[in-house]
Number of protein chains: 2
Amino acid sequence: MNQQFRELCKDKNISPSITRESVYDYLDGNETHPTVDEIYKELKPKLPTLSKTTVYNILKLFTKEDIILEINTREHKKRYELNNEDHAHFTCDMCGQIYDLPKVEVNYNLGGFNGFHIKHEEVNLRGVCKDCRDK
Amino acid sequence: MNQQFRELCKDKNISPSITRESVYDYLDGNETHPTVDEIYKELKPKLPTLSKTTVYNILKLFTKEDIILEINTREHKKRYELNNEDHAHFTCDMCGQIYDLPKVEVNYNLGGFNGFHIKHEEVNLRGVCKDCRDK
DNA sequence: CCTTATATTGTAACTGTTACAATTTTATAA
DNA sequence: TTATAAAATTGTAACAGTTACAATATAAGG
């Protein structure tokens with residue numbers, strides 16, 4: 001029983017079902033940025049009645065509540081992570097691995113942003129990671 | 001006949017077919033960030049034998065050659081634009097419209113980027129656009 | 001415990017994308 | 001130009017990710 005999750009749900013005014021808690025727990029401390037399918041396959045043994053639709057529903061809810069973030073990459077599927085500290089993503093063009101990198105500071109000094117109310121900034125970097133470069 | 005495109009193809013060592021030129025021309029000066037389907041539907045009347053697979057092929061080629069950029073949004077489809085001047089994207093949470101905003105400067109002063117060879121940086125902003133805020 | 005609301009499930013449909021073999025077109029050189 | 005090879009385009013079918021939806025199960029509140 002994850003007390004932190006219970007309180008988070010109270011904050012967000014959603015009910016802390018066991019399924020939701022399982023999805024949350026799986027994402028917590030996970031750095032793999034899993035897909036829906038990966039989350040489903042991981043949880044299925046522990047929750048035998050789990051449906052993939054439920055995973056979709058929960059992820060949509062968590063996204064709406066800003067509990068998690070969708071990661072949009074070049075793959076045509078979404079990946080997910082907990083919305084904890086702000087950071088950038090680096091995707092390796094060679095191996096496809098997604099790395100978490102420190103938050104990058106973004107400057108808006110040039111103007112042209114008037115009237116846009118920016119709620120979220122996402123920095124996606126691409127290139128070659130250390131492992132692949134050394135090969 | 002787009003001479004600029006011919007030269008671009010010579011640079012990239014690809015052949016400047018009429019279909020490819022049409023896709024290029026459609027994207028040139030277009031600020032709508034169209035999807036594959038939109039590109040296909042737009043060009044079909046002028047190129048009656050056009051196949052959607054061809055559009056996919058051309059976009060994949062252009063992406064590989066850095067002629068165009070894929071835009072990865074929350075939608076589960078890709079959007080495309082010419083790879084001209086570097087700029088940021090702003091997607092409105094209300095209306096879904098994607099705006100081009102000036103390039104934002106990114107600082108990597110915090111460290112933690114050692115070993116990563118960054119070839120491309122993408123800044124995606126999200127929030128509420130002027131039009132939607134005024135409603 | 002009853003009633004209502006909410007969460008979960010399974011199925012089927014839908015959409016974006018890719019694989020692939022066949023055909024057409026283009027490029028090249030005799 | 002014509003023959004030949006290479007490359008581009010096409011249509012079909014398959015595939016993968018996602019969504020819609022009605023039915024069922026579970027939880028919450030009186």
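Just so it is clear: chains get the letters A, B, ... in the order the sequence lines come, proteins before strands, and each one is counted from 1.
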Discussion item. Between A:Glu122 and B:His89, does the side-chain hydrogen bond (donor to acceptor under 3.5 Å, both in side chains) criterion hold? Intermediate values first, please.
Written reply: CA-CA 10 Å; A:Glu122 175 188 341; B:His89 288 128; over 6 Å; no
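- At whole-Å resolution of the value, OH in B:Tyr56 and C1' in D:dC15 are 12 Å apart.
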Name each donor-acceptor pair under 3.5 Å that joins a side chain in residues 59-72 of chain B to protein atoms two or more places apart or in another chain, with its distance.
residue, atom, partner, partner atom, Å
B:Thr63, OG1, B:Leu59, O, 2.7

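- If you take CD of A:Glu70 and C1' of D:dG17, they are 13 Å apart, rounded to a whole angstrom.
- If you take CG of B:Leu43 and P of D:dT10, they are 11 Å apart, rounded to a whole angstrom.
- At distances below 3.5 Å, at least one donor-acceptor pair connects side-chain atoms of B:Glu21 with backbone N or O atoms of B:Asn2.
- For the residue pair B:His33/B:Glu38, the side-chain donor-acceptor check at 3.5 Å is not satisfied.
- Using a 4.0 Å heavy-atom cutoff across all strands shown, A:Asp37 reaches no nucleic acid atom at all.
- Along DNA chain C, the nucleotide nearest to B:Lys77 and the one nearest to B:Ser15 differ in position, and the one closer to the 5' end is contacted by B:Lys77.
- Residue contacts shown for B:Thr49 are limited to sugar-phosphate atoms, with no base heavy atom under 4.0 Å away.
- The separation between A:Leu59 atom CG and D:dT18 atom C1' is 12 Å, rounded to whole Å.
- Each of A:Lys44 and B:His76 lies near DNA chain C, and the nucleotide nearest A:Lys44 is the one positioned closer to the 5' end.
- Between the P atom of D:dA6 and the CG atom of B:Asn13 lies a distance of 16 Å, rounded to the nearest Å.
- Under a 3.5 Å cut-off, the side chain of B:Thr54 and the backbone N or O of B:Leu50 do not form any donor-acceptor pair.
- A salt bridge is defined here as a Lys NZ or Arg NE, NH1 or NH2 lying under 4.0 Å from an Asp or Glu carboxylate O, and A:Asp37 with A:Lys77 fails to meet this definition.
- When each of A:Thr53 and B:Ser17 is assigned the nucleotide of DNA chain D with its nearest heavy atom, B:Ser17 is the one assigned upstream, toward the 5' end.
- Using a 4.0 Å heavy-atom criterion, one finds that B:Thr35 contacts no nucleic acid atom at all.
- Nucleotides of DNA chain C that come within less than 4.0 Å of any heavy atom of chain A span, from the 5' end to the 3' end, C:dA7 to C:dT17.
- The side chain of A:Val36 approaches D:dT18 more closely than any other nucleotide in the set D:dT18, D:dT10, D:dT9.
- Atom P of nucleotide D:dT9 and atom CG of B:Leu47 are separated by 10 Å, given to the nearest angstrom.
- Looking at B:Lys78, its side chain does come within 3.5 Å of a backbone N or O of A:Arg74 through a donor-acceptor pair.
- The distance between atom CZ of A:Arg20 and atom C1' of D:dA27, rounded to the nearest whole Å, is 11 Å.
- The CZ-P distance, from A:Arg6 to D:dA27, rounds to 11 Å in whole Å.
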